[in-house]
Protein chains: 2
Amino acid sequence: MRKALQNPDNCAVVRTMGYIGGKWKPIVLIRIFTGVKVRFGKLTVQMPDISRKILAQQLKELEEDGLIIRHSYMEKPPRVEYELSELGKTLIPVLKAMNDWGEQMENPGACPTWNPVI
Amino acid sequence: MRKALQNPDNCAVVRTMGYIGGKWKPIVLIRIFTGVKVRFGKLTVQMPDISRKILAQQLKELEEDGLIIRHSYMEKPPRVEYELSELGKTLIPVLKAMNDWGEQMENPGACPTWNPVI
DNA sequence: ATTAGTGGTAACATAAAGGAAACTAATGAG
DNA sequence: CTCATTAGTTTCCTTTATGTTACCACTAAT
C-alpha cells in the first residue's frame, strides 16, 4: 500500500500516510530521533513487541524513502547505526502532533515516547 | 488492528495510529471538517477512489471512536449528515501537520485537500 | 571445539485491509 | 406499474501487512 499512497496524484495527507503509515513506523522514527547512535539491537530491546523481521523491513523502507540514514561499519560482529535524515527531521512536527494527541487521549505517560530512553 | 493499536498500554503515537491509521480515514476526516452538511453520497463523489463499502465501514469506525457524529434523518430516501465531534476537532492540528508535510513533499496542489470543495 | 555477539535473511503462515458487484427498503414522480 | 433516489449491506475474493521460526557469516573469547 505504501507505494500506492505515495503516488503524487494523491492528496497530501494520503501521501504522508504512505511514508509514516503502518503499525510501527512512527514509533521507530521517534526512537531514532530521540536516541543517540541508535543500533538495530537497541531498537529490538526498546520495542520488544516488534519482530526483528518487521523492524528490519520497516527500517529498509524508511531508508528507501529517504527518511533515515543507515551507517554500516564493516566490523565483526557487525555494527549499524541509524539516524534521521534532513528530510526525516521535517517529520518531527507531524510525529510530535500525533504523540501529543495520543497522550491527551488516554493513559498519559504509558511508554514515555518522547523522552529519550537509554 | 485498529483496536489493538488503541490499547492504552501502547505509546501515544501508536494509539493515535489506531484512530487515524488506515488508507482513507485522514482524508475522510478532513472532508467532513472542511465541508458543510456532509452526506454519504457527497463523500463518494469527492473521493471516487474509495468504494462505498469501505467508506461506510470507515465512517462507522470513526463514529464508534467518537471522532464524528452521524445525524440520520428518518426520511425516504434516507438522508444522513456527518460532522466532526468535539474530540474529532482536536485532531485537526494532527491532520494539518500531516497535510502540510505531504504538500511540501511533492506535487503541491494535487487534490487541494484543505480547501473546501463543494 | 564451542559459544557469544550482531544484524540481519529465507521460508512459511496468518491476520487485516481493501475492493467489485449485486442487492435492499421505502417513497415520490411520471 | 415502473423507475429513480439514498445510504447503505452482503457475499465473495484479492492484496497488503504483520508475525514465527530457524538459519547465516565472521571473529574473539572460553
Side-chain angles (χ1 to χ4, degrees), chain A residues 1-7 10-11 14 17-28 31-32 35 37-65 68-83, chain B residues 1-7 10-11 14 17-28 31-32 35 37-65 68-83:
Chain A
M1 189 171 70
R2 161 172 155 260
K3 284 299 179 190
L5 294 195
Q6 289 175 13
N7 180 333
N10 284 334
C11 309
V14 177
M17 285 300 291
Y19 288 88
I20 62 171
K23 191 164 169 179
W24 302 108
K25 276 183 187 172
I27 184 70
V28 167
R31 288 269 71 87
I32 292 178
K37 293 186 189 303
V38 179
R39 301 179 58 172
F40 186 88
K42 217 150 125 188
L43 289 172
T44 65
V45 172
Q46 286 181 4
M47 303 179 288
D49 289 345
I50 180 173
S51 76
R52 310 168 62 71
K53 182 203 148 190
I54 298 299
L55 177 58
Q57 179 190 299
Q58 307 283 289
L59 288 168
K60 188 178 289 179
E61 291 182 2
L62 290 170
E63 195 199 358
E64 274 177 28
D65 290 343
I68 64 175
I69 300 172
R70 178 176 182 277
H71 300 283
S72 176
Y73 303 90
M74 286 307 170
E75 309 173 354
K76 299 290 168 163
R79 178 161 64 100
V80 174
E81 291 174 3
Y82 293 95
E83 64 166 338
Chain B
M1 193 170 65
R2 162 174 153 260
K3 283 298 178 189
L5 294 193
Q6 289 176 12
N7 180 331
N10 284 333
C11 309
V14 176
M17 285 299 291
Y19 288 87
I20 62 171
K23 191 165 171 179
W24 302 108
K25 277 185 187 171
I27 183 69
V28 167
R31 288 269 72 87
I32 292 178
K37 294 188 190 298
V38 180
R39 300 179 59 171
F40 186 87
K42 217 150 126 188
L43 289 171
T44 64
V45 172
Q46 287 181 2
M47 303 179 288
D49 290 344
I50 179 172
S51 76
R52 312 166 64 71
K53 179 201 147 189
I54 298 298
L55 178 58
Q57 179 190 298
Q58 307 281 290
L59 287 169
K60 190 178 289 181
E61 290 182 2
L62 290 170
E63 195 200 357
E64 275 177 26
D65 289 344
I68 64 175
I69 300 173
R70 180 176 181 276
H71 300 283
S72 175
Y73 302 90
M74 284 308 170
E75 307 172 356
K76 297 290 170 171
R79 179 162 62 101
V80 173
E81 291 175 4
Y82 293 95
E83 62 165 342

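Throughout, a chain's letter reflects where its sequence line sits, starting with A, and its residues are numbered from 1. Everything numeric here is computed off the predicted structure, so don't read it as measured data.
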Taking only the side-chain nitrogens and oxygens of [X], find out if one of them lies under 4.0 Å from OP1 or OP2 of [N].
| X | N | value |
| --- | --- | --- |
| A:Y82 | C:dG8 | yes |
| A:R70 | C:dG8 | yes |
| B:K60 | D:dT9 | yes |

Let me have the donor-acceptor pairs involving side chains of residues 47-62 of chain B, under 3.5 Å, with sequence neighbours excluded, atom names and distances please.
from	atom 1	to	atom 2	distance (Å)
B:S51	OG	B:I54	N	3.2
B:E61	OE1	B:K25	NZ	2.6

Practice problem: Quick one: list whatever passes salt bridge (Lys or Arg N to Asp or Glu O under 4.0 Å) with A:K3, sequence neighbours left out. | Solution: A:D65
Quiz item: Who pairs with B:E75 by salt bridge (Lys or Arg N to Asp or Glu O under 4.0 Å), at least two apart in sequence or on another chain?
Solution: B:R79
Quiz item: What pair of heavy atoms forms the shortest contact from A:H71 to A:E83, and how long is it?
Solution: NE2-OE2, 2.7 Å
Quiz prompt | Heavy-atom pair with the smallest gap, counting every atom of A:A4 and A:N10 | solution = O-ND2, 3.1 Å
Can you measure [X] atom [atom1] to [N] atom [atom2] for me and round it to whole angstrom units?
| X | N | atom1 | atom2 | value |
| --- | --- | --- | --- | --- |
| A:R79 | D:dA25 | CZ | C1' | 18 Å |
| B:H71 | D:dT6 | NE2 | C1' | 18 Å |
| B:K37 | D:dA7 | NZ | C1' | 18 Å |
| A:L55 | D:dT20 | CG | C1' | 15 Å |
| B:Q46 | D:dA7 | CD | P | 13 Å |
| A:M17 | D:dA17 | CE | C1' | 13 Å |
| A:E75 | C:dT6 | CD | P | 12 Å |
| A:K42 | C:dG5 | NZ | P | 17 Å |

Practice problem: Taking side chain to side chain donor-acceptor pair (under 3.5 Å) as the test, write out the residues that go with B:E63, two or more places apart. | Solution: none
Quiz item: Quick one: ring pair (Phe, Tyr, Trp, His ring centres under 6.0 Å) partners of A:Y19, sequence neighbours excluded?
Solution: B:W101
Quiz item: With sugar-phosphate meaning primed atoms plus P, OP1 and OP2, does B:Y73 contact a base, only sugar-phosphate, or nothing at under 4.0 Å between heavy atoms?
Solution: nothing
Self-check item: Reading 5' to 3' through nucleotides 17-30 of chain C, protein heavy-atom contacts under 4.0 Å coded B for base, S for sugar-phosphate only, - for none
Solution: SBBB-----SS---
